[in-house]
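To keep things clear, I will list the structure first and then write my remarks on it.
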Amino acid sequence: MSHTFTTDIAIIGAGPTGLFAVFQAGMLGFKCTLIDSLPEIGGQCTALYPQKPIYDIPAYPSITAGELIEKLEQQAMPFNPQFVLGQSVTTYHFDESTKLFTLETSEGLKIAAKAVVVAAGGGAFGPNRPPLKNIEQYEEKSVFYSVRKPESFANKHVVIAGGGDSAVDWANILADIAASVTVVHRRSKFRAHQDSINKMMHLVDDGKISLCTPYQLHSLVGENGQLSDVVVSDLDGNKVELAADVLLPFFGLRMDLGPLKQWPFDISEKGIVVDPLTMETSIKGTYAIGDVASYPNKLKLILCGFSEAAMAVHAIRAQLHPNHTFHFEHSTTKGVPGS
Ligand SMILES: Cc1cc2nc3c(=O)[nH]c(=O)nc-3n(C[C@H](O)[C@H](O)[C@H](O)COP(=O)(O)OP(=O)(O)OC[C@H]3O[C@@H](n4cnc5c(N)ncnc54)[C@H](O)[C@@H]3O)c2cc1C
């Protein structure tokens with residue numbers, strides 16, 4: 001796919017900070033496109049701790065991370081943001097003649113924008129890949145890090161690796177669909193919700209799931225991307241071959257700034273260096289907010305990211321309209337569309 005569309009502000013990262021930037025930008029009349037490597041909005045809140053209560057969001061004595069994201073989405077929706085999800089931004093380029101930035105995604109989509117806000121947190125989320133020789137050859141053919149269509153594993157021998165919620169939940173779901181389900185975990189104890197573990201143990205008793213513990217993945221056997229066996233080994237190095245059509249490794253997510261590290265703005269060990277008065281990076285027209293932004297005494301807190309979002313979009317407005325004097329208006333005066 002190669003398609004370019006134009007927006008006012010391209011926001012990289014749909015975590016809490018990027019989402020609030022949509023609202024703040026909308027209040028100043030800007031349209032935003034948010035791009036995130038994850039298939040869902042919410043950044044760390046959605047991916048890492050959706051059920052946990054957060055206690056330091058102003059005016060919410062307690063709110064779960066998942067609820068907070070729902071509310072931020074609700075608050076952004078009157079401004080019709082465009083979401084580009086499941087795609088990482090890989091390249092970044094400024095065209096002096098058009099004065100537009102062009103971002104390109106992992107799927108080849110091109111987004112041209114008058115300003116860029118990097119709200120990338122600790123970086124793009126991706127699966128933790130087990131260190132197995134040639135695993136890339138099998139990925140998306142017979143090794144998958146997420147399940148989109150469980151029914152595609154009907155009548156397949158499925159090996160699931162991991163001991164957390166994803167491993168246990170998918171074992172329980174696929175037990176009724178696949179020809180066989182084997183769960184490989186390097187410990188005998190699982191880290192998932194107790195209800196899910198109990199359900200899995202019933203399915204083990206019924207012969208619908210096999211457990212292979214304490215074992216870990218050792219190597220893959222197959223041809224042309226199609227697995228025939230997964231070899232596992234115990235702590236003493238004793239190996240066992242498990243017949244497998246499909247391997248689902250669920251070892252959590254990792255965050256990596258990846259391509260952003262090569263982009264031309266100043267970046268320190270702590271993140272992208274910004275001017276704390278405007279949140280502008282060392283590249284004019286490109287701003288960084290939230291966890292990814294670095295300045296003296298930075299606090300990596302959601303509430304700081306909200307304030308940084310407001311500061312960045314006000315600075316963008318001043319930059320895009322240098323000859324205009326704007327008068328500050330509260331939301332109570334302006335209202336929001338549809339209110
Ligand atoms: C367990 C836990 C508990 C926490 N509790 C609290 C708390 O109580 N209070 C508090 O204030 N904070 C808490 N935090 C921290 C808080 O979650 C972060 O400060 C917040 O999520 C930062 O928001 P963000 O929008 O800057 O980045 P993130 O939430 O990290 O979102 C960044 C998004 O950018 C995307 N991205 C990155 N690079 C790219 C790219 N190249 N292309 C496309 N997408 C990209 C990522 O996929 C991600 O979705 C907690 C964190 C954890 C892990």
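One-based numbering, in listed order, for ligands and for the atoms of each. Scope of the values below: all heavy atoms of this structure, side chains included, with no hydrogens, waters or symmetry mates.
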Which of the ligand 1 atoms, numbered from 1, are nearer than 4.0 Å to a heavy atom of Gly290:
26 (O)
Which option wins on minimum heavy-atom distance to atom 41 (N) of ligand 1: Val89, Leu253, Leu34, Leu85?
Val89
Taking only non-hydrogen atoms of Gly305, do any sit less than 4.0 angstrom from ligand 1?
no
If hydrogens are left out, which of Ala119, Ala124, Gly122 has an atom nearest to atom 45 (C) of ligand 1, that is, the closest non-hydrogen atom?
Ala124
All side-chain contact (heavy atoms from CB on, under 4.5 Å) counterparts of Pro58, not counting sequence neighbours:
Leu303
Based purely on interatomic distance, does Ser88 place a nitrogen or oxygen under 3.5 Å from a nitrogen or oxygen of ligand 1?
no
Single-linkage hydrophobic cluster Leu34~Met279, side-chain heavy atoms < 4.5 angstrom
yes
Closest by any non-hydrogen atom to atom 13 (C) of ligand 1: pick that one out of Tyr49, Tyr92, Phe125.
Tyr49
Can you report which non-hydrogen protein atom sits closest to atom 47 (O) of ligand 1, along with the distance?
Asp36 OD1, 2.7 Å
Using a heavy-atom cut-off of under 4.0 Å, does the side chain or the backbone of Asp56 touch ligand 1, or both, or neither?
side chain
Should Lys114 and Asp8 count as an ion pair when the cut-off is N to O under 4.0 Å?
yes
At a 4.0 Å cut-off, with the gap strictly under it, does some heavy atom of Lys52 reach an atom of ligand 1?
no
Can you find an N or O of Thr17 that's nearer than 3.5 Å to an N or O of ligand 1?
yes
Below 6.0 angstrom between ring centroids: does that apply to Phe79 and Phe30?
no
Using a 4.0 Å heavy-atom threshold (strictly under), name the region of Leu19 that reaches ligand 1: side chain, backbone, both or neither.
neither
If we set the cut-off at 4.0 Å for heavy atoms, which region of Gln44 has an atom near ligand 1: side chain, backbone, both, or neither?
both
Closest to atom 22 (C) of ligand 1 by heavy-atom distance, out of Asp291, Thr46, Val118, Ile302, is Asp291
Just checking, any donor-acceptor pair under 3.5 angstrom between side chains of Thr286 and Tyr92?
yes
Are His185 and Tyr215 close enough that their ring centres sit under 6.0 Å apart?
no
Val292, portion touching ligand 1 at heavy-atom distance under 4.0 Å:
neither
Under 3.5 Å, side chain of Lys71 to main-chain N/O of Leu68, donor-acceptor pair present?
no
